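Working notes for the structure below.
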Amino acid sequence: MSDRLPGFSTLAVHAGAQPDPTTGARATPIYQTTSFVFNDADHAASLFGLQAFGNIYTRIGNPTNAVLEERVAALEGGTAALAVASGHAAQVVVLQQLLQPGDEFIAARKLYGGSINQFTHAFKSFGWNVVWADPDDVASFERAVTPRTKAIFIESIANPAGSITDIEAISTVARKAGVPLIVDNTLASPYLIRPIDHGADIVVHSLTKFLGGHGNSLGGIIVDAGTFDWSTGGKYPMLSEPRPEYHGIRLQETFGNFAFAIACRVLGLRDLGPALSPFNAFMILTGIETLPLRMQKHCDNAKAVAEFLAGHPAVASVSYAGLPNDKYHQLARKYAPKGAGAVFTFSLKGGYDAGVSLVSKLQLFSHLANVGDTRSLVIHPASTTHSQLDDAAKIKSGAGPDVVRLSVGIEDKEDLIADLEQALGA
Ligand SMILES: *Cc1c(COP(=O)(O)O)cnc(C)c1O
């Protein structure tokens, strides 16, 4: 092998994988087993004491999942990763390592509807308090910082309108506040944006979306950038203080620049339990092999569809950062030069009723609550994903009553445009 560093497409196919040492199988096998035999009693004891790396039980780790973890860590430029059962599970596991009851975290207001719910209601019952900030106003993050702030959470390309977040500016606020920046990179995928290159300390994904890419398997992942010093000021006791369940070791001291990923595994996943099925890991790994090809096609189709909609008389406006006159176009050119993603919104002159009517007339676009499938998808957020918000909050989060969200798939763009044309015109 030459000493050239492999490029992104090569990593998407190969990172973390090698022919199976026992059978020679070239595709990564599905290690569909709950548990793994120890070599001897000493080996067992060292695994349980975190003195050696190895497999114990699939809730804590599995060889198929390990290939997925290594691959996504490589694609994102992190030191290590942990795969879990869903994107939401990734968010719980991350924040459990960072927040004690009564602590706060700052979150961008423009987020996946499910995350808004999870942060507002479920996390409140854990005593974790979310403070909202406006991703278009960096100073609003600065103003939200208090002595109890433990993290900042943003999306790189934000739901539902596909707006682009100024990751570097918000990472400067996080650094000044001495807290990690968590970036949900689901809508961009590392093919479009690598948040760690822009100052993120932790990246989370719903693997369910573009990484898996085929709308067939749930999964989530946490990537540790290895950039944050957890030992300062006793702010992060899960990482800096002795762990009674592991003979008093301190995770930061023992594991250095991948201590956060270890904490998520041995404290979060082990105790909360949202393990990813090895079968799902296999499906998602297979999806990732074609990520660069799919993502480019998703973006090219989305741009063509956005241009068509922008010229249609029934359409009031289109929010797609790939359009030259869009509010986020400069940020898109900086952060996502290969394409502005494939999830965006547009608003209809006919308001709420026109939105409901459009989703019922579309035939090639599936009306459902998902994004990042090979198939094109459509939803009317105000009556579904964002229906729990009041009207003002709907508008603030980009999901007003006249707004329709698309996730543009990898079909022929002419067919997608024809479907929209018949549904808008009829
Ligand atoms: C879907 C999604 C999630 C939640 O992921 P699940 O796998 O459905 O739990 C989180 N963030 C974003 C941006 C998403 O699109």
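All residue numbers refer to positions in the sequence shown, counting from 1. Just so you know, these numbers come straight off a predicted model, no measurement behind them. Order of appearance sets the numbers: ligands from 1, and atoms from 1 within every ligand.
By the salt bridge (Lys or Arg N to Asp or Glu O under 4.0 Å) test, Asp229 pairs with no residue at all, sequence neighbours left out.
Judged purely by distance below 3.5 Å, without hydrogens or angles, the side chains of Glu289 and His14 never pair a donor atom with an acceptor atom.
Among Asp184, Ile167, Thr186, the single residue meeting the side-chain contact (heavy atoms from CB on, under 4.5 Å) criterion with Ser156 is Ile167.
Under a 4.0 angstrom heavy-atom cut-off, Gly219 registers as being in contact with ligand 1. Note on ligand 1: Gln91 sits in its first shell, one or more heavy atoms being nearer than 4.0 Å.
At under 3.5 Å, a nitrogen or oxygen of Gly87, whether backbone or side chain, sits near a nitrogen or oxygen of ligand 1. Annotation: Thr208 places an N or O atom under 3.5 Å from an N or O atom of ligand 1; distance criterion only.
For atom 9 (O) of ligand 1, the nearest protein heavy atom (residue, atom name, distance) is His88 N, 2.9 Å. Among all non-hydrogen protein atoms, the one lying nearest atom 12 (C) of ligand 1 is Asp184 OD2, 3.4 Å.
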Would you list the atom pairs, donor with acceptor, under 3.5 Å between side chains in residues 122-132 and any protein atom, with sequence neighbours excluded?
from, atom 1, to, atom 2, distance (Å)
Ser125, OG, Ala122, O, 2.6

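Proximity of Asn159 to ligand 1, defined as any heavy-atom pair under 4.0 Å, is confined to the side chain (atoms from C-beta onward).
At least one side-chain heavy atom of Tyr246 sits less than 4.5 Å from a side-chain heavy atom of Leu267. You'll find the side chain of Asp166 reaches within 4.5 Å of the side chain of Tyr335, heavy atoms only. Side chains of Val173 and Val138 form a contact here, defined as non-hydrogen atoms less than 4.5 Å apart.
Of all atoms in ligand 1, listed by their number and element, those nearer than 4.0 Å to a heavy atom of Lys209 are 1 (C), 2 (C), 3 (C), 14 (C), 15 (O). Close approach of ligand 1 to Glu155 (heavy-atom distance below 4.0 Å) involves ligand atoms 13 (C). Interface atoms of ligand 1 facing Ser86, defined by a heavy-atom separation under 4.0 Å, are 7 (O), 9 (O).
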